[in-house]
Amino acid sequence: MKQLYHIAFSIAVSAVLLLFYACSHKRDLKQTKSGEIERKIDSLLSIMTLEEKIGQMTLFTSDFNVTGPTIRENYKADIKAGKVGAVFNAFGAAYTRELQKMAVENTRLGIPLLLGYDVIHGFRTIFPIPLGEAASWDLASIENSARIAAVEATADGLHWTFAPMVDIARDPRWGRIAEGAGEDTYLGSVIAKAKVKGFQNGDLYKTNTLVACAKHFVAYGAALAGRDYNIVDMSERTLREIYLPPFKAAVEEGVGTIMTSFNEINGVPATGNRMILTDILKIEWGFDGFVVTDYTSINEMVPHGVVMDEKEAGKLAVNAGVDMDMQGAVFYNYLAESVEQGGDGTMSRIDDAVRRILRIKYLLGLFEDAYRYCDEQKEKELVLLHPDHIAFARVMARRSIVLLKNKGDLLPLDQNITTLAVVGPLADNKKEMIGPWSAAGDYTRCVSLLEGIKKQAHPNTRILFAKGCNIDDTHTYLIREAVAVARKADVVILAVGEAAWMSGEAASRSMIGLPGVQQELVKRIYETGKPVIVVLMNGRPLAIPWIAEHIPAILETWFLGTTGGDAISDVIFGKYNPSGKLPVTFPRNEGQIPIFYNAKNTGRPISDNKYTSKYLDVPNTPLYPFGYGLSYTTFEYSNIILNKNEISYKDTLKAMVEVTNTGPEKGEEVVQMYIRDLAGSVTRPLKELKGFQKIKLEPGVTTRVTFTITSGDLKYYDINMEYKVEPGDFVLFIGTNSIETREAYFTLIE
Ligand code: GLC
């Protein structure tokens, strides 16, 4: 017996030691810098030539995919010459092995390549676009989606993804709103953390984790007039209150890289902006990873008009804090010459840049084995739409759907409908379903809405289809057939929206209604008098006031990716009760833009008085507010109960509501908590999201939801630009969206 005990004890001890070793040897920027790795970098740096150092600072695209305005013909020769440290838009175990061999076996020092790609919402299994995932308000699922993307991408030889995109966006004319988490800083920050965690999983040494890249640093989403690449001009206060925090959250989560944005900020292009790249990012936040530019954004400082030539652009960029030049070949062509001309500390900046880049390569374990991610066997197992990945993609897609309207409880549909018409340019469409930035996704593997409906409708239901129009038709020839089909049906499912290319990069739209003649199609189908369910597929909020007023049931489905048709059918036939909430405001029309929930009150807030802040021709309220989304059931909120009405700086306030499922179905609800500072040393927003909880309730069940608030949650940049809290009166809101809330009052005292 005694011997058994000893064996058990020694097993337990070795398990603990193993666990300790594994944890203490996790390789992640959040860990304090590893002395051993830093020593290795020191010794490597000491023998590198200037040309080899500049090679590490150079990133070129391969010829697999083109994601910007230029390509590089002889990048393979550059790799063999040791003039390239990283390649993007190349994947596949065999191809990445080939490229890696060029670097490792043909160059003097054999420094391995870093291989990157835009794995934005999935790699082969494609998940909802990030704006859609944000609508789930489900951080665990968002993290898992990134985790699966990392598992698939690394199985294809990749080390690095240019994601998450964490740009706050308040202007739906900007096509890249599709790629982020919407308009709110708090939601955007917690999602940034979830995605970095999903991609990096706290250990870059594991061969199923990707180095993440928070982009585009910074304030790219505030492009003037929503026009991509346009200027950004804002106060430092707005920059720090709204646009910087999601990046700070990513840095706190240990993000390995940051990508500069194309835009200028207050006259200084981000790529040459020392204040944001060095003062804030590297000094204030202590960021130890490296900064990569966006595609040729160093070169673009010439047309920006801050330098006269690319050589000057290179010096400006490296001394502002850029470490790696994406595709511009500016460091490649001019940096050595700049150093030889000397005098401005460029050399020490180069050493710091190369140190940062080598640090990431060491954390990835590439120096131990440059080919550890090139695993043809793993590639076979993991990248052919693994059933577990598909199953989760469907869960994520369902949870991203937002029910915008359901008049008369038209939804969920009774399965034994005699005749069902599925109509519209997006009804039998796979290509758009996959959305912009679909990486290695194969749209032919997507489930279209029509396929999804056919799989779940009752076998006796007759299903009719008509396209009705193309997405951007200028003629209405196809509408007549669709109307005829609709007339034969009991219910019409009408899938309308955008093409995938109408959002994402270089895809701003000045008008954000339905493209082409789709609005006409909706009206003509509506005029048949049949019950109509509109299914929206889009990469941005759409101005659809007519549809909102006339159509009884409306589902916002974004671009849901590989399992889209199945997920939408799960919701239509009631297999899943929709739980999504809008991460971004839907305006009534373009004239309201920018419109967002956390606006200021102004000195003349809207009222019946003529002389107040409003329009003559449209209300101030949006079509659908931030945080809005319906369910097939209903939820009732009790009044808020505070544990105290006065708190000091060191106190904790607890706010509790009871939420009851008062409807017929089990369902999920995102309980949202907002705060308003009634008077600050500067004006404060009417509401700011400070917390949320997604709960599940069976019919008739009541649960208590409690939020904890500390004075730290109330900090902001005061009149002196100091990030601090001020005493005063506050309003706390809890509710089902940013407009329908209960409220309670509390005072903060010093
Ligand atoms: C593009 C995008 C950026 C992307 C990069 C590499 O121009 O702005 O988001 O990661 O180039 O494809």
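Every value quoted in this text rests on a predicted model; they were computed, and no experiment measured them. As the structure lists them, so they are numbered: ligands from 1, and atoms in each ligand from 1.
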When the aromatic ring centroids of Phe91 and Tyr117 are compared, is their separation below 6.0 Å?
-> yes

Donor-acceptor under 3.5 Å (Thr107 side chain, Ala103 main chain) | yes

Taken to the nearest 0.5 Å, the spacing of Asp325 CG from Ile298 CD1 works out to 3.5 Å

Any Lys/Arg nitrogen of Asp138 or Arg399 sitting under 4.0 Å from an Asp/Glu carboxylate oxygen of the other?
-> yes

Kindly say whether the aromatic ring centers of Phe162 and Phe88 come within a distance under 6.0 Å.
-> yes

Think Lys361 forms a cation-pi with Trp160, using NZ or CZ under 6.0 Å from the six-ring centre and within 45 degrees of its axis?
-> no

Could you pull out the N/O contacts under 3.5 angstrom between ligand 1 and the surrounding protein atoms?
unit_1, atom_1, unit_2, atom_2, d
ligand 1, 7 (O), Asp294, OD1, 3.3
ligand 1, 7 (O), Glu505, OE1, 3.1
ligand 1, 7 (O), Glu505, OE2, 3.2
ligand 1, 8 (O), Arg176, NH1, 2.8
ligand 1, 8 (O), Asp294, OD1, 3.2
ligand 1, 8 (O), Asp294, OD2, 2.6
ligand 1, 8 (O), Glu505, OE1, 3.4
ligand 1, 9 (O), Arg176, NH2, 2.8
ligand 1, 9 (O), Lys215, NZ, 2.8
ligand 1, 9 (O), His216, NE2, 2.6
ligand 1, 10 (O), Asp118, OD1, 2.5
ligand 1, 10 (O), Lys215, NZ, 3.0
ligand 1, 11 (O), Asp294, OD1, 3.2
ligand 1, 12 (O), Thr67, OG1, 2.6
ligand 1, 12 (O), Asp118, OD2, 2.6

